[in-house]
S.K.: 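If you scroll down you'll find the structure; I have some questions about it.
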Amino acid sequence: MAVQSTIKKDDEFDIEIVDMGSEGEGIGHADGYALFVKNALIGDRVRVKVMKAKKRYAYACLLEILRPSPDRVEPRCSLAYKCGGCQLQHWNYCRQLEFKEKRILDCLKRIGGFLDVEAVIEPIIGTEEPFHYRNKAQFPIGRDKEGNVTAGFYAGRTHSIIDTEHCYIQAEVNDPVMKIIKEFIREFQISAYDEASHTGLIRHVLTRMGFATGEVMVCIVINGDGLPHGHILAGRLSSVEGMKSISVNVNKENTNVILGKHTATLWGESFITDYIGNIRYQISPPSFYQVNPRQTERLYQTVLEFAGLTGTEVVWDLYCGIGTISLFLAQNAGSVYGVEIVPQAVEDAKVNARINGIGNVEFFTGAAEELVPRKCRDSSGMMAADVVVLDPPRKGCDATLLDTIAELAPQRIVYVSCDPATLARDARYLCENGYRLERARGCDMFPETVHVETCVLLSHKNS
Ligand code: SAH
């Protein structure tokens with residue numbers, strides 16, 4: 001017989017928060033249930049009210065902090081508890097780092113089955129600047145109940161927009177940019193996109209800044225073929241310090257995907273440039289570029305170290321984006337081949353090789369899981385690899401790709417990921433197919449949030 005739930009909605013409890021969940025919720029216990037409490041912290045004593053009870057656990061909301069954790073800090077942002085962007089702004093930064101390192105460790109143990117992971121994990125790379133670190137923002141545009149234009153970020157787990165004038169983790173140049181855009185929308189009565197009815201024009205504003213160059217890009221995503229009075233908006237935005245590129249992207253699909261296929265430049269260039277280390281990169285609106293450039297350099301240094309290059313190796317950089325890691329490694333490798341699915345990113349990668357005078361790289365457009373097996377079967381014999389770098393999106397790698405890599409048997413695989421769970425899953429698979437986990441290190445690319453980047457080195461058992 002099913003155990004009857006004894007906890008019900010609206011029950012209230014005073015509990016001690018003893019652990020943290022992967023989404024940054026505090027976890028405490030009452031009547032043998034685990035209670036997940038948003039905005040509560042390990043070390044807090046809190047009064048909570050049950051919102052939703054399941055069989056063995058429940059979600060509860062924080063009513064009152066009875067005794068704050070000694071690690072609790074006042075969030076800088078007044079919207080921190082509402083906005084879905086920062087889940088950990090109320091936590092001392094050192095504790096945030098410990099939390100992320102523990103998360104990596106837990107994933108590698110539980111999902112990866114690496115029981116002695118403590119022996120290989122190295123201290124997480126923290127940052128001296130946990131605020132204003134992001135070089136890219138995507139603001140959804142909408143209207144509130146009174147019809148006022150709203151632009152900001154989504155509230156946690158919803159698509160309701162929290163109107164934001166200043167974001168503490170974003171580049172500060174966003175403030176004048178968004179002020180100009182909101183005023184323009186008001187003045188010319190431009191419609192804002194409404195997800196529910198799939199009507200209205202302006203969907204998102206994407207901004208990007210090269211931290212090393214100060215160059216700024218603004219891309220306005222519209223559900224239509226043109227932006228009325230776009231030249232007036234471009235004229236106003238062009239006065240913002242550092243502005244280099246203003247474009248309009250057309251996305252008429254009924255989708256959560258932010259960018260559509262077609263981008264037209266309204267003013268300036270179609271890209272901005274930035275530096276990571278001594279390498280200059282050109283970045284177009286649809287291309288991926290790491291969001292925290294200061295920490296990116298440290299991440300790439302870790303990749304370089306794990307790759308153990310001596311100057312002669314053949315390296316494949318899969319999921320290469322605009323060729324950032326490829327070019328970073330090329331200086332120490334024999335040759336580097338990059339594979340990336342977004343054609344504009346590959347175009348950027350090729351230009352980036354050229355403007356940096358790097359000749360020992362080649363880039364291919366395609367899905368890694370299709371292109372790599374194809375090249376492997378190719379009789380030209382080109383596909384040999386000493387080192388493979390993997391840096392996939394959150395969902396990780398396709399099993400077909402992992403099988404092909406195991407067949408290729410490079411000496412070293414450096415796997416970079418923003419999701420320690422899928423990383424652990426894929427690392428396990430590779431370790432069941434010839435590899436061993438040699439090193440693992442977190443890098444905090446996303447302070448104040450629960451997200452963490454991880455880099456691991458897998459070495460071939462025969463090397
Ligand atoms: N290594 C790069 C990019 C990492 S982000 C950097 O550090 O900047 C992951 C990249 O994988 C994105 O550029 C994305 O467009 C690309 N991508 C997503 N799915 C892919 C696939 N199936 N095959 C190849 N590339 C893919």
Side-chain angles (χ1 to χ4, degrees), residues 125 134-136 138 206 208 210-212 257-259 261 263 271-277 279-304 306-307 315-330 333 336-353 356 361-376 387-405 413-419 422-423 426 443 445-446 451-456:
I125 305 169
R134 279 189 67 101
N135 60 13
K136 174 190 171 187
Q138 299 176 129
L206 181 144
R208 225 178 216 161
F211 276 23
V257 177
I258 293 178
L259 285 181
K261 287 207 169 63
T263 308
F271 56 85
I272 55 166
T273 57
D274 196 21
Y275 284 87
I276 299 173
I279 299 183
R280 188 167 149 224
Y281 296 103
Q282 161 177 320
I283 313 147
S284 303
S287 297
F288 177 90
Y289 185 59
Q290 298 284 356
V291 297
N292 184 336
R294 297 184 195 100
Q295 289 298 91
T296 299
E297 186 167 352
R298 291 168 170 171
L299 175 73
Y300 290 177
Q301 283 296 351
T302 309
V303 175
L304 184 62
F306 283 13
V315 180
W316 280 82
D317 176 19
L318 309 182
Y319 309 90
C320 71
I322 60 171
T324 37
I325 295 179
S326 319
L327 299 180
F328 211 81
L329 299 187
V336 182
Y337 301 98
V339 178
E340 161 64 42
I341 203 165
V342 173
Q344 289 95 328
V346 176
E347 284 313 306
D348 283 346
K350 288 177 179 167
V351 172
N352 290 334
N356 288 285
V361 292
E362 204 176 325
F363 295 100
F364 303 99
T365 311
E369 63 278 15
E370 286 165 19
L371 198 137
V372 176
R374 202 168 64 232
K375 290 254 178 247
C376 229
V387 176
V388 169
V389 177
L390 298 168
D391 186 4
R394 298 190 71 78
K395 71 175 178 11
C397 298
D398 208 275
T400 332
L401 177 65
L402 297 178
D403 286 336
T404 310
I405 293 170
I413 300 171
V414 183
Y415 194 136
V416 181
S417 167
C418 59
D419 186 340
T422 54
L423 164 81
D426 292 351
C443 181
M445 306 279 272
F446 318 103
H451 301 290
V452 63
E453 196 83 9
T454 312
C455 184
V456 301

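Only heavy atoms go into these numbers, but all of them, side chains included; no hydrogens, no water, no symmetry mates. All ligand and atom numbering here is 1-based and tracks the order in the structure.
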S.K.: Distance check, rounded to the nearest 0.5 Å: Q282 atom CD versus Q344 atom CD?
M.R.: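 If I round to the nearest 0.5 Å, the distance is 11.5 Å.
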S.K.: Indicate whether the side chain of Q295 and that of R298 have a donor and an acceptor atom separated by less than 3.5 Å.
M.R.: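 Present: a donor and an acceptor within the cut-off.
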S.K.: State the CD-OG distance between E347 and S287, to the nearest 0.5 angstrom.
M.R.: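 Rounded to the nearest 0.5 Å, the CD-OG separation comes to 9.5 Å.
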S.K.: So is S287 touching ligand 1 or not, going by heavy atoms under 4.0 Å?
M.R.: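 No; S287 lies far enough from ligand 1 that no heavy-atom distance drops under 4.0 Å.
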S.K.: At under 4.0 Å between heavy atoms, which part of Y281 makes contact with ligand 1: side chain, backbone, both or neither?
M.R.: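 No part of Y281 comes within reach of ligand 1.
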S.K.: Could you tell me which atoms of ligand 1, counted from 1 in the order shown, lie closer than 4.0 angstrom to a heavy atom of V342?
M.R.: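 Checking each atom against V342, I get 15 (O).
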S.K.: To check your reading of the model: name the closest protein heavy atom to atom 1 (N) of ligand 1, its residue, and the distance in Å.
M.R.: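 Of every protein heavy atom, D391 OD2, 2.8 Å lies nearest to atom 1 (N) of ligand 1.
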S.K.: Kindly confirm or rule out a cation-pi arrangement of K375 over F364, judged by NZ or CZ under 6.0 Å from the six-membered ring centre and within 45° of its axis?
M.R.: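 Yes.
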S.K.: Among I276, V351, T273, find the residue that satisfies the side chain to side chain contact (heavy atoms under 4.5 Å, CB included) test when tested with Y281.
M.R.: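 Going through I276, V351, T273 one by one, the side chain to side chain contact (heavy atoms under 4.5 Å, CB included) with Y281 is satisfied by I276 alone.
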S.K.: Shortest non-hydrogen contact from V372 to T404?
M.R.: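 The pair with the smallest heavy-atom distance is CG1-CG2, 4.0 Å.
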S.K.: Can you find a non-hydrogen atom of A345 under 4.0 Å from ligand 1?
M.R.: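 No, that is not the case, since the closest heavy atom of the residue is not under 4.0 Å from the ligand.
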S.K.: Does a donor on one side chain and an acceptor on the other come within less than 3.5 Å for Y415 and D426?
M.R.: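 Per modelled atom types, Y415 and D426 side chains form a pair under 3.5 Å.
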S.K.: Please report which non-hydrogen protein atom sits nearest to atom 21 (C) of ligand 1, along with the residue it belongs to and the distance in Å to one decimal place.
M.R.: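 Going atom by atom, the protein heavy atom closest to atom 21 (C) of ligand 1 ends up being Y319 CE2, 3.6 Å.
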S.K.: So if I count the atoms of ligand 1 from 1 in the order they appear, which ones are less than 4.0 Å from some heavy atom of G366?
M.R.: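 What qualifies from ligand 1 is 23 (N), 24 (C).
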S.K.: Do me a favour and list the nearest non-hydrogen protein atom to atom 7 (O) of ligand 1 with residue, atom name and distance?
M.R.: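 So the nearest neighbour among protein heavy atoms is Y300 OH, 2.6 Å.
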S.K.: Would you tell me which option among E370, E340, Q290 has the nearest heavy-atom contact to atom 13 (O) of ligand 1?
M.R.: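 Going through E370, E340, Q290 one by one, E340 has the nearest heavy atom to atom 13 (O) of ligand 1.
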S.K.: Nearest protein heavy atom to atom 25 (N) of ligand 1, by residue and atom, and its distance?
M.R.: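 Going by distance alone, atom 25 (N) of ligand 1 is nearest to I341 N, 3.3 Å.
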S.K.: Is a side-chain N or O of S417 found less than 3.5 angstrom from the main chain of D419, in a donor-acceptor match?
M.R.: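 Yes; judged by distance alone, with no hydrogens or angles, the pair exists.
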S.K.: Show which atoms of ligand 1 fall inside a sub-4.0 Å distance from at least one heavy-atom site of E369.
M.R.: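 Atoms satisfying the 4.0 Å criterion: 21 (C), 22 (N).
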S.K.: Ignoring hydrogens and geometry, is there a side-chain-to-backbone donor-acceptor pair from R134 to R208 under 3.5 Å?
M.R.: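 Not confirmed, R134 side chain does not pair with R208 backbone.
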S.K.: For S326 versus D317, what's the shortest heavy-atom pair and its separation?
M.R.: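 That would be OG-OD2, 2.6 Å.
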S.K.: Quick one: does Y289 get an N or O within less than 3.5 Å of an N or O on ligand 1?
M.R.: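 N/O-N/O distance under 3.5 Å: no.
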S.K.: What part of C320, side chain, backbone, both or neither, has a heavy atom within less than 4.0 angstrom of ligand 1?
M.R.: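 The backbone, only.
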S.K.: Could you tell me which atoms of ligand 1, counted from 1 in the order shown, lie closer than 4.0 angstrom to a heavy atom of P393?
M.R.: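 Every atom of ligand 1 under 4.0 Å from some heavy atom of P393: 18 (C), 19 (N).
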S.K.: Is there a nitrogen or oxygen of A368 sitting under 3.5 Å from a nitrogen or oxygen of ligand 1?
M.R.: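 For ligand 1, there is an N or O atom that lies under 3.5 Å from one belonging to A368.
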S.K.: Answer side chain, backbone, both or neither: which part of T324 comes under 4.0 Å from ligand 1, heavy atoms only.
M.R.: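 Side chain only.
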